[in-house]
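What you see is a predicted model; the values in this text were computed from it and never measured.
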Amino acid sequence: VLVRPARNYWLSSLARKHTTVCLQLRPVAMRAHCLQKQSVEGALSSVRSIAGQRLAPRHGVHKAVRVGSKVVVSRAQALQTQQPIPPPLQSVEALPNIASGALTGAGKDDLDMSKTVLGIILGGGAGTRLYPLTKKRAKPAVPLGANYRLIDIPVSNCVNSNVTKIYCLTQFNSASLNRHLSQAYNSSVGAYTSRGFVEVLAASQSNVRKEWFQGTADAVRQYMWLFEEAMRDGVQDFLILSGDHLYRMDYKEFVRKHRESGAAITIAALPCDEKRATAFGLMKIDEDGRVVEFAEKPSGDELKAMQVDTTVLGVDAKTAAEKPYIASMGIYVMTANTLKELLENHMPDANDFGNEVIPEARKMGYPVQAYAFQGYWEDIGTIEAFYNANLALVKTDGSANFSFYDKEAPIYTMSRFLPPSKVLQDVVVRNAIIGDGSNIKARSRVSNSIVGLRSLIGEDCVVEDTLMLGSDYYETVEECAWVPGCLPMGIGNGSHVRKALIDKNARIGERVQILNKDNVTEANREKEGFMIRDGIVCVIKDSVIPSGTII
């Protein structure tokens, strides 16, 4: 039994209710202790002995229990199921060091995630649905929420779940992605006794394979020789993730359910409405969560046939009526040996997990399980979805489903050491996120917008319903001189921008109007520096929009 004392509880009162008290003692430097006691006074005596100080029954709890005791809470099951409760302890040297690595999140857990799970993030293809954001970068490297990139979401979820061995597979424009991952994570993942890394694996030709990645399964197959090294080091399961999703998830519970069910493949699933169902793999499951039918992106009568009662996922009747489909999130846990056997022996020509590997594995008799995900999840693989997911971060009506402000499961990114943002005289900012190092000049108005890193907004500007991705660097006067008219990066004086997506390093001149008054939904003006996708004006990275332009 684990005890985490509340503010108005005393150790003596807790001891009457439980046979074991687990607490973390301040004088013993991040060591956690379980005290098996026969009486209240026996427990207090043990605490006094260990702490080396006198603790009154009514006032000793706050001295004995550190704020960091939540580390012990997260490891309760490991203590209960794997470690025998020691007898009353008499010396500091005898205490088990079960909380090592607590400050870095690298402590042990009952699943031993850091040693037994390998994270594989699929970077996706050319990213045509996100073009022009993917013109000069891989899809996972697309900026997100002013300070972040898409890849930070799955990597942060891995780190928070103690998955410290992570590969990202990509074959398009991987330079910026590789730079971001190497600078953001490799110095802080893992520990002295446990090897950790976050690395990019780009598609390459070899003497054995001359082709580029043909799909998700083929990408994993081509690097199976490398993943086998991890298997020899103790990896039991592959955690296969996508690089273009926005969500927060504890992968420990995902892996736990996979192992408890004895499945070869476990698919993260959530209810879905008919409008979006055609974009996902759909499944039917039995009362035990076992997948009995799977269809990848069905339509027409095949789509209707996949309707089920989604209350089996734990949703209420109203939500089940609105969302009668069980959709795959494209997130899988696969037993390492089984996946190797499937890709190399049974399906050597299969290219895709959703279309080929998972349906065929189920038909061959491999147990395929569904894991019901209870939380916000969004596939932001299109311009419209990307734009809406970002601007939802600034909503104040309570409809925002995702937030970067979560101290229990933070989203990490590169430390850029930028100065605070500067907002000058008579500027009005309403419902906005301002990224680090930005500069908003006098009398400008910013509303319902996200302003990215190092952004510059000139005087008397109006920016509304706009996503600015910022700049990669600060520009000097000498660098600006190379641009005709020395047009600086950012938005020039007196410009009006509405419902736009402005990519990095774009230069928008003075008195420019980006309004799309005619509500054009699609237009390709790439040579002029912009495109319109899903009714959103996209100013292309490094482009120049001359002063006085009207879009």
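No side-chain donor-acceptor contact under 3.5 Å links Ser174 to the backbone of Gln171. For the pair Glu360 (side chain) and Glu356 (backbone), a donor-acceptor distance under 3.5 Å is absent. Without hydrogens or angle criteria, Asn516 side chain to Val520 main chain gives a donor-acceptor distance under 3.5 Å. Of the possible donor and acceptor atoms, one in the side chain of Ser421 sits under 3.5 Å from a partner among the backbone N and O of Gly435. The main-chain N or O of Ser471 is never found under 3.5 Å from a side-chain atom of Asn505 such that the two would form a donor-acceptor pair. A donor-acceptor pair is defined here as one N or O able to donate and one able to accept, closer than 3.5 Å; such a pair exists between the side chain of Thr216 and the backbone of Phe353. No side-chain donor-acceptor contact under 3.5 Å links Ser543 to the backbone of Val539. A donor-acceptor distance shorter than 3.5 angstrom exists from the side chain of Ser449 to the backbone of Ser447, with no hydrogens or angles considered. For Thr466 (side chain) and Val463 (main-chain N/O), no donor-acceptor pair under 3.5 Å exists by modelled atom type. A donor-acceptor pair is defined here as one N or O able to donate and one able to accept, closer than 3.5 Å; such a pair exists between the side chain of Thr382 and the backbone of Ala385.
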message = side-chain contact (heavy atoms from CB on, under 4.5 Å) for Arg511 and Asn493? Distances and angles first, verdict last.
response = CA-CA 6 Å; Arg511 302 176 306 283; Asn493 297 339; over 6 Å; no

key: Derivation and outcome, side-chain contact (heavy atoms from CB on, under 4.5 Å), residues Ile508 and Ile514   = CA-CA 10 Å; Ile508 298 175; Ile514 302 178; 4.0 Å; yes

message = Quick one, Ile457 with Met468, criterion side-chain contact (heavy atoms from CB on, under 4.5 Å). Give me CA distance, side-chain angles, the key distance, then yes/no.
response = CA-CA 10 Å; Ile457 298 177; Met468 293 182 66; 4.0 Å; yes

task = Decide ring-ring contact (aromatic ring centres under 6.0 Å, His included) for Tyr148 and Phe404; before the verdict, give the C-alpha distance in whole Å, the side-chain angles of both, and the deciding distance to 0.1 Å.
result = CA-CA 10 Å; Tyr148 305 89; Phe404 289 101; 4.2 Å; yes

request  = Please step through salt bridge (charged side-chain N to carboxylate O under 4.0 Å, His left out) for the pair Arg533 and Glu522, ending with a clear verdict.
outcome  = CA-CA 5 Å; Arg533 301 288 305 273; Glu522 300 290 333; 3.7 Å; yes

message = With side-chain contact (heavy atoms from CB on, under 4.5 Å) as the criterion, how do Leu246 and Leu144 come out once you've worked through the C-alpha distance, each side chain's angles and the decisive distance to 0.1 Å?
response = CA-CA 10 Å; Leu246 182 61; Leu144 172 74; 4.0 Å; yes

request  = Using the side-chain hydrogen bond (donor to acceptor under 3.5 Å, both in side chains) rule, take Asn160 and Tyr251 through it: C-alpha gap first, then chi angles, then the decisive distance, then the call.
outcome  = CA-CA 9 Å; Asn160 292 332; Tyr251 296 140; over 6 Å; no

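For Glu228, the salt bridge (charged side-chain N to carboxylate O under 4.0 Å, His left out) partners two or more places apart in sequence, or in a different chain, are Lys340. With sequence neighbours excluded, the residues that form a ring-ring contact (aromatic ring centres under 6.0 Å, His included) with Phe280 are Trp377.
The heavy-atom pair separating Ile545 from Gly529 by the smallest distance is CD1-O, 4.0 Å. Among all heavy-atom pairs drawn from Ser438 and Arg454, the shortest one is OG-N, 3.7 Å. The two residues Ser547 and Val512 come nearest to each other via the heavy atoms CA-CG2, 4.1 Å. Of all heavy-atom pairs between Ser444 and Cys461, the closest is OG-N, 3.0 Å. Pairing each heavy atom of Val200 with each of Asn178, the nearest pair is CG2-CA, 3.8 Å. The nearest pair of heavy atoms linking Arg507 to Leu487 is NH1-O, 2.8 Å.
In this structure, Asn355 and Lys297 have side chains that are not in contact, with every pair of non-hydrogen atoms separated by 4.5 Å or more. Residues Val451 and Ile433 fail the side-chain proximity criterion, which asks for heavy atoms closer than 4.5 Å. Annotation: side chain of Asp534 is not in contact with side chain of Thr521 (no heavy-atom distance under 4.5 Å). Residues Asp542 and Lys136 are in side-chain contact: their nearest non-hydrogen atoms beyond the backbone lie under 4.5 Å apart. Under the 4.5 Å side-chain criterion, counting only non-hydrogen atoms from C-beta, Lys422 is not in contact with Ile440. Between Leu391 and Asn448 there is no side-chain heavy-atom pair separated by less than 4.5 Å. Between Ile121 and Ile166 the shortest side-chain heavy-atom distance falls below 4.5 Å. Counting heavy atoms from C-beta outward, Leu501 and Val537 have side chains that stay 4.5 Å or more apart.
Salt-bridge formation is detected for the pair Asp250/Lys252: a Lys NZ or Arg NE/NH1/NH2 atom is positioned less than 4.0 Å from an Asp or Glu carboxylate oxygen. With salt bridges taken as basic N to acidic carboxylate O contacts below 4.0 Å, none links Asp379 and Arg276. A salt bridge links Asp503 with Arg137; the closest basic N to acidic carboxylate O contact falls under 4.0 Å. Using a 4.0 Å cut-off between a side-chain N of Lys or Arg and a carboxylate O of Asp or Glu, Arg221 and Asp218 qualify as a salt bridge. A salt bridge between Asp406 and Arg248 is present, with a side-chain N of the basic residue lying under 4.0 Å from a carboxylate O of the acidic one. Ionic pairing of Lys504 and Asp472 is present here: one or more N-O contacts between side-chain nitrogen and carboxylate oxygen are shorter than 4.0 angstrom. A salt bridge links Asp244 and Lys139; the closest N-O separation between the charged side-chain nitrogens and carboxylate oxygens is under 4.0 Å. Between Arg445 and Glu464 there is no salt bridge, since no side-chain N of the basic residue sits under 4.0 Å from a carboxylate O of the acidic one.
Here the OH atom belonging to Tyr371 is positioned 10.0 Å from the CZ atom belonging to Arg256, to the nearest 0.5 angstrom. Here the straight-line distance linking atom CD1 of Ile411 with atom CG of Asn157 works out to 5.5 Å at 0.5 Å rounding. Between the CG atom of Asp349 and the CG atom of Leu343 there is a distance of 11.5 Å, given to the nearest 0.5 Å. Rounding to the nearest 0.5 Å gives a distance of 7.0 Å between OH of Tyr412 and OG of Ser156.
The one candidate from Leu453, Ile502, Leu133 that meets the side chain to side chain contact (heavy atoms under 4.5 Å, CB included) condition with Leu469 is Leu133. Arg259 pairs with exactly one of Thr116, Thr266, Thr335 by the side chain to side chain donor-acceptor pair (under 3.5 Å) rule, that one being Thr116. Tested against Tyr167 for a ring-ring contact (aromatic ring centres under 6.0 Å, His included), the candidates Tyr223, Phe238, Phe227 yield a single pass: Phe227.
Side-chain N/O atoms of Asp152 and Thr413 include a donor and acceptor closer than 3.5 Å. If you check the side chains of Glu526 and Tyr131, you find a donor sitting under 3.5 Å from an acceptor.
Within a 6.0 Å radius of NZ in Lys257, other residues, nucleotides and ligands contribute 12 heavy atoms or fewer. With a 6.0 Å radius and a threshold of 12 heavy atoms from other residues, nucleotides or ligands, Arg416 has its CZ atom above the threshold.
No close placement of the Tyr247 and Phe402 rings is indicated, their centers lying 6.0 Å or farther apart.
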